[in-house]
Amino acid sequence: MPTITLPDGSTREFDKPVIARDVAASIGKRLAADALGCKVDGELHDLSTVLDRDCSLSIVTPKRRDGGLDPDGLFLIRHSAAHVMAEAIQRIVPGALLVYGPPLDTGFYYDIRFPEDRPLREGDFEAIEAEMARIVAEDRGFSRYELPHDEGMRKLQAEGSKYKLDNALRAHEAGSPTLSWYATGTPGENWEDLCRGPHVPSTGRIGAFRVMSLASSYWHGDENSDRLTRVYGTAFPTQADLDAHLAQIEEARHRDHRVLGKQLHLFHIDEAVGQGLVLWTPNGAIIRKELQDWIGEHLHQMGYSDVFCPHIGKLDLYKTSGHFPYYAESQFVPLMEREFLKGVADDGCSCAQLSNMLATGEIDGYLLKPMNCPHHVKIYASQPRSYRDLPVRLSEFGTVYRWEQSGELNGMTRVRCFTVDDAHLFVREDQIGQEVMGCLSLVKLAFTTLGLSDFRVRVGLRDPDSGKYVGNPEVWDKAEAACREAARSLGATVSEEPGEAAFYGPKIDFIVKDVIGREWQLGTVQVDYNLPERFDLSYVGADNRAHRPVMIHRAPFGSFERFVAVLIEHFAGAFPTWLSPEQARVLPVSEKSFEYAQEVLGRLKAARVRATADLGNDRLQAKIKVAAEMKIPYLLVVGPRDQEHATVSVRVRGIQKDLGAMPLEVFVRELESEIASRGVSPMVGVEGARV
RNA sequence: GCCGCUGUAGCUCAGUGGUAGAGCGCACCCUUGGUAAGGGUGAGGUCAUGGGUUCAAUCCCCAUCAGCGGCUCCA
């Protein structure tokens with residue numbers, strides 16, 4: 001006699017076991033028609049699930065009440081689409097062995113082993129989609145059947161796919177007493193796949209789908225294991241949803257910082273210089289410099305002191321800090337002293353021996369710094385500190401070098417040399433809360449000024465069951481409480497993640513959502529008990545005894561490289577005026593107005609506006625087109641009429657029309673004020689925006 | 001690092017076993033035009049690099065370098 005509790009809290013009683021689908025039908029015809037699956041006590045199941053005891057039940061449909069796509073619905077659709085795609089592929093390429101096909105946030109994939117003489121190519125996509133469309137049109141039911149483990153294994157052994165046998169063994173090890181299959185149609189007659197499910201009721205419910213791309217992968221992610229082909233696809237409840245998704249991909253492509261970086265001349269990566277080494281060209285340098293100056297002003301106000309450090313340091317320094325040899329793999333090979341190398345050679349040391357010495361850290365030399373902290377620690381330690389001196393806040397736009405694997409490098413987001421807007425605070429334990437708060441408010445200010453106001457905060461706490469952490473537990477408790485409280489005070493979504501702390505202290509990460517909904521992990525604040533210990537740092541307390549300070553590492557932007565890349569994509573290259581490499585361009589309507597254009601340009605430059613004048617012999621329309629492509633915030637068209645009245649005709653980026661003439665002096669004044677206030681969008685001359 | 005794909009003019013990209021093309025950009029000329037490309041002429045390429053096959057290689061083969069998509073990794 002199951003009593004079933006529905007999401008609204010109401011209950012329904014049945015006098016015998018009931019199928020979820022029938023419960024849906026008892027609620028409403030429309031719901032039953034829309035249903036894709038169900039959630040029983042929070043766990044996703046097939047709609048055909050039999051409910052034989054008390055439980056909570058919610059029916060999963062493609063859309064939520066608010067009209068948004070339901071993640072559970074998408075899961076079912078995509079998981080099922082993966083089956084349909086696999087069936088289609090096996091029809092087209094006999095002998096293709098299925099491995100594993102899970103849904104993803106944006107679609108699904110299926111890892112498949114193709115026969116060596118018949119690899120899958122992008123040219124096959126059309127045929128696969130056509131085959132999938134046929135299977136969907138047939139609207140065959142997904143039917144589940146189970147076999148006891150032993151019987152199931154015999155069936156799989158008979159079929160002979162080691163991949164499926166492996167999946168089955170893994171399911172068994174994970175505690176599943178039976179094996180389940182899903183047939184698209186009738187078991188024994190139609191195509192089927194070993195699968196735990198759940199799936200939508202029938203192939204016709206998959207909606208709109210698309211085979212997206214090919215990649216290679218390894219079985220179990222192990223590079224020594226079999227090489228598989230990963231076929232990516234995506235599926236949505238309706239064609240409109242799929243179209244919106246494809247449009248978003250297209251939009252992301254248009255915003256790609258690598259494309260815009262080239263088009264807007266922001267940065268350059270040159271083969272001759274090296275992989276992952278960014279050259280900031282003048283336009284990009286302006287953006288970086290503006291950000292740096294701006295954050296620098298705030299640091300100054302907040303009591304930070306600037307420091308500068310060399311880009312290398314002795315290996316011993318990094319042995320003390322613990323970075324070498326422990327993280328040697330992600331560092332450039334040490335710069336070895338000539339004498340040391342000579343000595344090694346004189347001893348008849350082989351390359352293998354040298355390599356071994358590198359691995360164990362028995363080596364002398366210098367390291368390109370992978371982090372700024374050891375240098376800053378030494379600045380702290382360079383003089384005796386009193387409790388009255390703390391907090392000591394040392395900041396540096398410090399450049400670091402890391403040996404990222406070549407396959408990981410990507411534009412400006414993954415590089416081998418980057419500059420961190422770094423700072424290290426040396427504080428007393430009683431100051432941790434306040435100082436963490438100060439760091440967080442700076443990070444928040446940085447993001448909100450740039451219009452990145454949609455962010456969440458992740459507080460990484462220690463795993464109470466693990467002993468890998470340094471520092472004593474009471475101090476940890478206090479530091480975690482301080483981080484928690486500081487994070488909550490920001491007014492953003494805060495998630496706490498036990499086990500996500502660094503071994504040396506709790507940390508707070510900012511995860512920012514850009515205008516097209518992608519998340520980026522940027523700013524970070526970390527409390528550190530470890531380095532002060534390793535370097536034996538101290539200060540003299542009010543009790544005239546030595547005490548250990550605590551360090552706080554923080555970087556609001558993370559690195560300039562990644563941050564600017566995110567800004568490029570966030571703004572699609574259309575930067576706020578204060579960041580724009582070129583803030584205004586003067587466009588004379590003809591040669592007759594060149595002189596006045598120069599005059600206007602001179603006035604702008606006197607106001608320290610970054611401006612140019614286009615004195616080419618193109619027509620005005622062409623000059624506007626070119627300037628618009630460079631995403632310049634203000635275009636000032638000047639002709640004889642403007643000259644006569646000392647005006648400029650303003651055209652603002654994003655508004656595809658002439659906003660009319662305004663006195664040059666008024667324009668300059670308002671532009672100066674916009675730049676000074678660091679407005680996100682250009683507003684001068686825009687109706688209703690004048691102050 | 002691994003797998004796959006790619007590398008032709010400053011940019012985007014066609015193309016061919018007999019040493020190469022377009023559009024945009026650039027230079028010059030005509031045009032002096034009031035809000036998203038007027039017209040003409042011209043310059044510009046060791047076809048990523050190094051080997052090999054061939055009478056002949058930008059094209060086929062191998063290696064290297066780099067980019068892209070993934071995998072793996074990420075203090």
Side-chain angles (χ1 to χ4, degrees), chain A residues 104 109 111 114 119-123 212-232 253 256 258-259 262-265 268-277 318 321-324 326-331 370-374 400 402-411 413-414 460 501-505 507 521 524 526 528 530-531 553 587-594 615-630 632 635-643 647-661:
Chain A
L104 304 168
Y109 67 81
D111 276 346
F114 284 92
L120 199 71
R121 296 196 188 82
E122 291 197 359
M212 303 292 291
S213 61
L214 288 177
S216 88
S217 64
Y218 300 105
W219 195 24
H220 300 158
D222 174 2
E223 65 180 72
N224 298 312
S225 191
D226 295 2
R227 208 173 72 224
L228 308 171
T229 300
R230 179 165 294 183
V231 190
Y232 282 90
R253 213 176 56 79
D256 190 317
R258 296 165 300 190
V259 176
K262 200 175 271 184
Q263 192 185 320
L264 304 177
H265 311 300
H268 174 66
I269 295 174
D270 197 288
E271 253 185 65
V273 176
Q275 267 188 299
L277 302 175
Y318 299 98
S321 72
H323 292 116
F324 189 87
Y326 193 53
Y327 294 114
E329 293 239 316
S330 48
Q331 293 159 3
M371 291 195 130
N372 297 306
C373 11
V400 298
R402 299 191 192 176
W403 186 261
E404 298 285 353
Q405 296 190 68
S406 65
E408 270 314 314
L409 299 172
N410 181 281
T413 57
R414 274 309 270 279
F503 72 91
Y504 50 77
K507 64 175 182 180
Q521 198 210 301
T524 176
Q526 305 187 357
D528 182 359
N530 180 47
L531 274 189
H553 309 245
L587 308 179
V589 299
S590 78
E591 218 166 85
K592 290 182 196 123
S593 303
F594 278 13
L615 303 182
N617 68 355
D618 282 327
R619 293 178 60 204
L620 180 58
Q621 284 89 328
K623 290 182 182 180
I624 288 173
K625 173 95 177 5
V626 168
E629 276 175 358
M630 291 306 283
I632 299 163
L635 304 184
L636 307 179
V637 173
V638 295
R641 290 206 298 271
D642 293 291
Q643 180 162 23
T647 58
V648 289
S649 297
V650 181
R651 196 181 159 109
V652 176
R653 182 183 64 207
I655 300 173
Q656 304 204 348
K657 59 174 190 186
D658 175 14
L659 296 176

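Just so you know, these numbers come straight off a predicted model, no measurement behind them. In what follows, chains carry the letters A, B, and so on, assigned in the order in which the sequence lines appear, proteins first and then strands, with residues in each chain numbered from 1. Heavy atoms only: backbone and side chains are in, while hydrogens, waters and symmetry mates are out.
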field: Residue A:E591, side-chain heavy atoms: nucleotide from B:rU35, B:rC71, B:rG33 that is nearest
entry: B:rG33

query: Is there a donor and acceptor pair, one atom on the side chain of A:D642 and one on the base of B:rG34, closer than 3.5 Å?
result: yes

- request: Mind running side-chain contact (heavy atoms from CB on, under 4.5 Å) on A:H553 and A:L531 for me, showing each step along the way?
  value: CA-CA 11 Å; A:H553 309 245; A:L531 274 189; 4.1 Å; yes

statement: Testing B:rC29, B:rA36, B:rA37 for proximity to the side chain of A:A622, the answer is B:rA37

- prompt: What nucleic acid atoms does A:R619 come within less than 4.0 Å of, heavy atoms only: base, sugar-phosphate, or nothing?
  reply: base

task: May I ask you to say what A:T229 touches in the nucleic acid, namely base, sugar-phosphate or nothing, with a heavy-atom cut-off under 4.0 Å?
output: nothing

query: What is the distance from CZ of A:R253 to P of B:rG67, rounded to the nearest Å?
result: 20 Å

- request: Under 4.0 Å between any heavy atoms, over every strand shown, what does A:A502 touch: base, sugar-phosphate, or nothing? Just pick one.
  value: nothing

message: What's the closest nucleotide to the side chain of A:Q405 if the choices are B:rC73, B:rG34, B:rG67?
response: B:rC73

Sugar-phosphate only, base, or nothing, as touched by A:Q621 at under 4.0 Å among non-hydrogen atoms: sugar-phosphate

statement: Side-chain contact check for A:K625: nearest option of B:rG70, B:rU32, B:rA37 is B:rA37

query: For A:R641, which contact category applies under a 4.0 Å heavy-atom criterion: base, sugar-phosphate, or nothing?
result: base

message: Without decimals, in angstroms, what is the distance between A:L409 CG and B:rG1 P?
response: 9 Å

message: Using whole Å, what does the distance between atom C1' of nucleotide B:rA36 and atom CZ of A:R653 come to?
response: 15 Å

- request: Would you check, one step at a time, whether the test side-chain contact (heavy atoms from CB on, under 4.5 Å) holds for A:H265 with A:M630?
  value: CA-CA 9 Å; A:H265 311 300; A:M630 291 306 283; 3.8 Å; yes

Under 4.0 angstrom between A:R651 side-chain N/O and B:rA36 OP1 or OP2: yes

- prompt: Want to settle it: does A:P640 or A:I269 sit nearer the 5' end of RNA chain B, counting the closest nucleotide to each?
  reply: A:P640

field: Comparing A:K262 and A:V589 on RNA chain B - which has the more 5′ nearest nucleotide
entry: A:K262

- prompt: With a 4.0 Å cut-off on heavy atoms, is A:Q656 in touch with a base, just the backbone sugar-phosphate, or nothing at all?
  reply: base

query: A:V650 pairs by side-chain contact (heavy atoms from CB on, under 4.5 Å) with which of A:L636, A:L635, A:I655?
result: A:L636

Minimum-distance nucleotide to A:E271 side chain [options: B:rA66, B:rC68, B:rA37]: B:rA66

message: Please evaluate residues A:N410 and A:R258 with respect to the criterion side-chain contact (heavy atoms from CB on, under 4.5 Å), reporting the C-alpha separation (whole Å), side-chain torsions for both, the decisive distance (0.1 Å), and the verdict.
response: CA-CA 9 Å; A:N410 181 281; A:R258 296 165 300 190; 3.0 Å; yes

message: Any donor-acceptor pair, under 3.5 Å, between the side chain of A:S217 and the base of B:rG70, if you only look at N and O atoms?
response: no

message: Is there, by distance only and without an angle test, a donor paired with an acceptor across the side chain of A:N617 and the base of B:rU31 below 3.5 Å?
response: yes

- prompt: With a non-hydrogen cut-off below 4.0 angstrom, is A:S406 in contact with a base, only sugar-phosphate, or nothing?
  reply: base

field: B:rG33 phosphate, OP1 or OP2, under 4.0 Å from A:K592 side-chain N/O
entry: yes

query: Does the base of B:rC74 carry an N or O that pairs as donor and acceptor with the side chain of A:R414 under 3.5 Å?
result: yes

message: If you only use heavy atoms from C-beta on, which nucleotide in B:rU35, B:rG1, B:rG70 is closest to the side chain of A:Y232?
response: B:rG70

statement: Testing B:rC68, B:rG33, B:rU31 for proximity to the side chain of A:S590, the answer is B:rG33

- request: Under the side-chain contact (heavy atoms from CB on, under 4.5 Å) rule, what do A:D658 and A:R651 come out as? Steps first, then yes or no, please.
  value: CA-CA 5 Å; A:D658 175 14; A:R651 196 181 159 109; 5.6 Å; no

message: At 4.0 Å (heavy atoms only), tell me whether A:N410 reaches a base, stays on the sugar-phosphate, or touches nothing.
response: sugar-phosphate

query: With both distances under 3.5 angstrom, what nucleotide forms a Watson-Crick or G-U wobble pair with B:rU64?
result: B:rA48

